Amino acid sequence: MKNDFSNEKIAQLLRDVAASYTIQNEGKFRFQIIAYQKAADTIEGMTQQLRDLYSEDKLDNIPGIGTSISASLKELFSTGKVNHFESIMKDIPTPVFRLLEVPTFGPKKAYKLVTKFKLANPDTVFEDVKKLAEEGRIAELEGFGQKSEADILRALEEFKKGKTKTNRMPYPFAFELAEKMIEYLKKSPDVVEAFPLGSLRRKRSTIGDIDIAVATKKPQKVLDYFIDYPYLERIIEKGTATSSILTAGGKQIDLMTQNPDGFGSLLQHFTGSKQHNVHLREYALRKGLSLSEYGIKEKDKGVQKKFKTEEDFYQFLGLDWIPPEIREDEGEIELALKHNLPKLVELKDIKGDLHIHSSYPIEPSHDLGRTSMSDLLEKAKELHYEYLGFSEHNPSVGNHSEKEIYQIMKKRHKYIEDIKKYNKSIRVINLLETDILADGKVALPDNCLEFVDGLIVSVHSVFSMDKEKMTKRILKGLSHPKAKILAHPTARLINQREGLTADWNQVFEFAATNNKALEINSWPTRLDLPDTLVKQAKEMGVKFVIDTDTHDVIHMNNMLYGVSVARRGWCTKEDILNTLPFEKFYKWLTQ
DNA sequence: GCCGTTTTCGGCCCGACTGTTTTCAGTCG
């Protein structure tokens, strides 16, 4: 292969092709534009790298990528460029594509500015446009005016501060922002109901804008109240049914209103995903029905049928209600039609948490927990768990001799045995989170491991390694007879660190055949294994445990985030080992 | 350019809002 294009880069390239078509002749290329954008969406949501699929000759059968684009991708990987793309893009100056990163800049606006002012340098284009706006020259252009010039300046300023089209925050952070807004909205007497929608309701691991829906008979009053929000920075827009604001933290909140008798269709519409809705509407259209946030219209009649609840809306179309977490157009519509949707795992199914760092002084290689074992067990009772696994990091190998480590482990074992005597209501499992070293060995010698029931193994150092080496390393670590759970498998940190590169299919196959579990880690910036990989692994027969990776007793509340990831990965109770009662779980762990 | 439980040809989701316009273009979700 002559190059190393990431999915992200390829998606960007396809979007640039779509933008070029838009600039050339939007009407003529309408459906090509949609097709290229859809392909880009698909690629952005994939966890497998296209370049790997290409080298395995598996580029066909990706939904949204047909014969034409797949041929282009093959050309891209074998030659480093695509002639067809280049001919489409050749008359569009590169600064145009840079400007498209800025919210409110679409292809037409960007092209007009770049060509009218002959902006040639992609590296200075933001500064160049800013200068033109400050000099009042943009307002002179046809189709622009004082206001749009001011909007451009502001958009550039906010872009500089980090408001881009692609910037997303971790789910739990968005969740809190939304809660705060909903609490505020519910104080208004005109608000009948208020719900978070969009990717927030689908519980994606990262969230762009926050969407909120309100049922009301007085939309205008609610919108007025909305823009009175105390943490408002500015109003982005406000109409008769919807409004958008920027909050003090620079985050956008969109509000949609609807009469209570049509609230079901509003929920459905703004929960998305876009692909789910498009697919659902295409299906409805074939039956002569037109769907929107207001309800369902029969094609030839003008009457709008309204729906109070989502269940009614889906039912009218002959579908079962679909859990928001799987509304990603991954086959859920077909299954809902056949009344054959999976029953997804729920928080109340969880019977124990295995990844808990207590404050027990084990002199670890990484961070120690802050809460004592007995306080953690109290919390486990509160959560109605049956069992809890303590899994501090292994004692630091660099700072101790083998003999010392042996003593530390022996002492901890005795301590845990004592704890068990005093805590009869929660069963205690003696685990250890152990590093998989760069050579694939687990960090502790075998004789020190006789004191634990099982190992949680994980990668905590040397993250960049070539794919083959990393895969071997993980498989070797997981091969240890005591190793039962691979913790936060990709080691990604949302918005901070890319996941490590490994052949996940190989890892999943190994886990499935050797009865090893993969962890779904609930830590807000981990959420690892990521949902799309969970789905892939599940299809290969892999079992999971959902853990919190608790370092302080309050983290034990994070379990719901991991459950959301499992649900987005289509997991049922049967896929999750820590839904098992203690005896069965312990048997699996120690067999 | 993609796709198929009416189709391998002939369709392709539906609407809100703003700004610059007198009926629409552009962007967004």
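None of these values were measured; they are calculated from a predicted model. Protein chains get the first letters and strands the later ones, always in sequence-line order, with residue 1 at the start of each. These values consider heavy atoms only, across backbone and side chains, with no hydrogens, waters or symmetry-generated copies.
Nucleic acid contact for Gln32(A): base, since at least one base atom lies under 4.0 Å from a heavy atom of the residue.
Lys112(A) places its NZ atom 10 Å from the P atom of dT27(B), with the value rounded to the nearest Å. The nearest whole Å value for the distance from the CG atom in Leu289(A) to the P atom in dC14(B) is 10 Å.
An OP1 or OP2 oxygen of dC17(B) is reached within less than 4.0 angstrom by a side-chain nitrogen or oxygen of Thr240(A). Side-chain N/O atoms of Ser244(A) include none lying less than 4.0 angstrom from OP1 or OP2 on dC28(B). Within the structure, every side-chain polar atom (N or O) of Tyr36(A) is placed at least 4.0 Å from both OP1 and OP2 of dC2(B). Contact annotation: Thr104(A) does not reach the phosphate of dT27(B) (side-chain N/O to OP1 or OP2, under 4.0 Å). An OP1 or OP2 oxygen of dT27(B) is reached within less than 4.0 angstrom by no side-chain nitrogen or oxygen of Lys165(A). Between Lys108(A) and dG26(B), a side-chain N or O to OP1/OP2 separation shorter than 4.0 Å is present. Applying the 4.0 Å criterion to OP1 and OP2 of dC3(B), one finds that His279(A) has every side-chain N and O outside that range. Taking only side-chain nitrogens and oxygens, Ser148(A) comes nearer than 4.0 Å to OP1 or OP2 of dT20(B).
Nucleotides dC28(B) and dT23(B) place their P atoms 26 Å apart, quoted to the nearest Å. Spacing between dC3(B) and dC13(B) at atom C1', rounded to whole Å, works out to 16 Å. Comparing the same atom, C1', in dT27(B) and in dT20(B) gives a spacing of 14 Å after rounding to whole Å.
In this structure, dT8(B) forms no base pair with any nucleotide, since neither Watson-Crick nor G-U wobble geometry is met with both distances under 3.5 Å.
Phe31(A) qualifies as a stacking partner of the dC12(B) base, centre to centre under 5.5 Å and near-parallel within 30°.
Comparing Gln252(A) and Arg281(A), the nucleotide of DNA chain B nearest to each residue sits closer to the 5' end for Arg281(A). Nearest-nucleotide assignment on DNA chain B puts the 5′-proximal partner with Tyr21(A), out of Tyr21(A) and Ser292(A).
Test Leu132(A), Asp128(A), Val125(A), Leu141(A) against Leu113(A) for side-chain contact (heavy atoms from CB on, under 4.5 Å) and you get one pass: Leu141(A).
The glycosidic torsion of dT7(B) lies within 90° of 0, which places this base in the syn conformation.
Residues Glu325(A) and Arg201(A) are not in side-chain contact: their nearest non-hydrogen atoms beyond the backbone lie 4.5 Å or more apart. Counting heavy atoms from C-beta outward, Glu134(A) and Leu153(A) have side chains that approach closer than 4.5 Å.
Shown here for Asp320(A) and Asn340(A), the closest heavy-atom pair between the two residues is OD2-N, 4.3 Å.
Looking only at atom types and distance, the side chain of Gln536(A) has no donor-acceptor partner in the side chain of Trp504(A) under 3.5 Å away.
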